[in-house]
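Residue numbers start from 1 in every chain, and the chains themselves are labelled A, B, ... in the order their sequence lines are given, proteins ahead of strands.
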Amino acid sequence: AQSVTQLDSQVPVFEEAPVELRCNYSSSVSVYLFWYVQYPNQGLQLLLKYLSGSTLVESINGFEAEFNKSQTSFHLRKPSVHISDTAEYFCAVSDFQGAQKLVFGQGTRLTINP
Amino acid sequence: KAGVTQTPRYLIKTRGQQVTLSCSPISGHRSVSWYQQTPGQGLQFLFEYFSETQRNKGNFPGRFSGRQFSNSRSEMNVSTLELGDSALYLCASSLAGLTDTQYFGPGTRLTVL
């Protein structure tokens, strides 16, 4: 069975500082990996995803995540955050063999302080 | 293109009652999946429907059921409500299924008293 662990439930950072949100997963089969974001009073939306190919994936708003198979991780990073990045971030994994489920981590609440 | 819509947005029920939630996917999307979001358990997968068939199921009791119609609209039913069923219920639609990008609706907030 798959599982996802987001190691930090809350991450406070100052504006323009770098940030890393950590995500580790476990699965016995190959997986697809996703980061979803939930801005205040808005629905969940996809931030970025890894399906195959280059292990480094980027979003349009400056976030990037790197798939590390040996460490079973998919950490999310941004070199310089803005107030508008304040949101809850969810890591998710889906396998592509056998019974499929989309398993989410518990979420990390990113708070940007001016 | 219109997004995923869910009705109603808010519901208050009492223990033992049953409830039906509705989800209209993005036009052209054939996969609809349902999730329960609570502060304690986070986001948990309930089930996925594709072309009117339940294709995948999470670890929830049989009180939670769903169906999908020929126009891809989906309903989720919870029978014999318990206090612990209070949650935000999200549905998401996609073109191909759980390995594809999910487009989420705003959710239905269910409160069980």
Counting only heavy atoms closer than 4.5 Å, note whether B/F47 contacts chain A via side chain, backbone, both or neither. neither
Do B/R55 and B/F50 meet the cation-pi criteria used here (NZ or CZ under 6.0 Å from the six-membered ring centre, within 45° of the axis)? yes
For B/Q41, is it the side chain, the backbone, both or neither that has a heavy atom under 4.5 Å from a heavy atom of chain A? backbone
When heavy-atom pairs shorter than 4.5 Å are enumerated against chain B, which of A/L102, A/V103, A/V93, A/N41 gives the highest number? A/L102
So, do A/T86 and A/Y39 sit near enough that their side-chain heavy atoms are less than 4.5 Å apart? no
Measuring heavy-atom distances to chain B, does A/Q38 have an atom under 4.5 Å in its side chain, in its backbone, in both, or in neither? side chain
Can you classify the ring geometry of B/F104 versus A/Y36 as parallel (below 30°), tilted (30 to 60°) or perpendicular (above 60°)? perpendicular
Can you say whether the rings of A/F74 and A/Y50 are parallel (under 30°), tilted (30 to 60°) or perpendicular (over 60°)? tilted
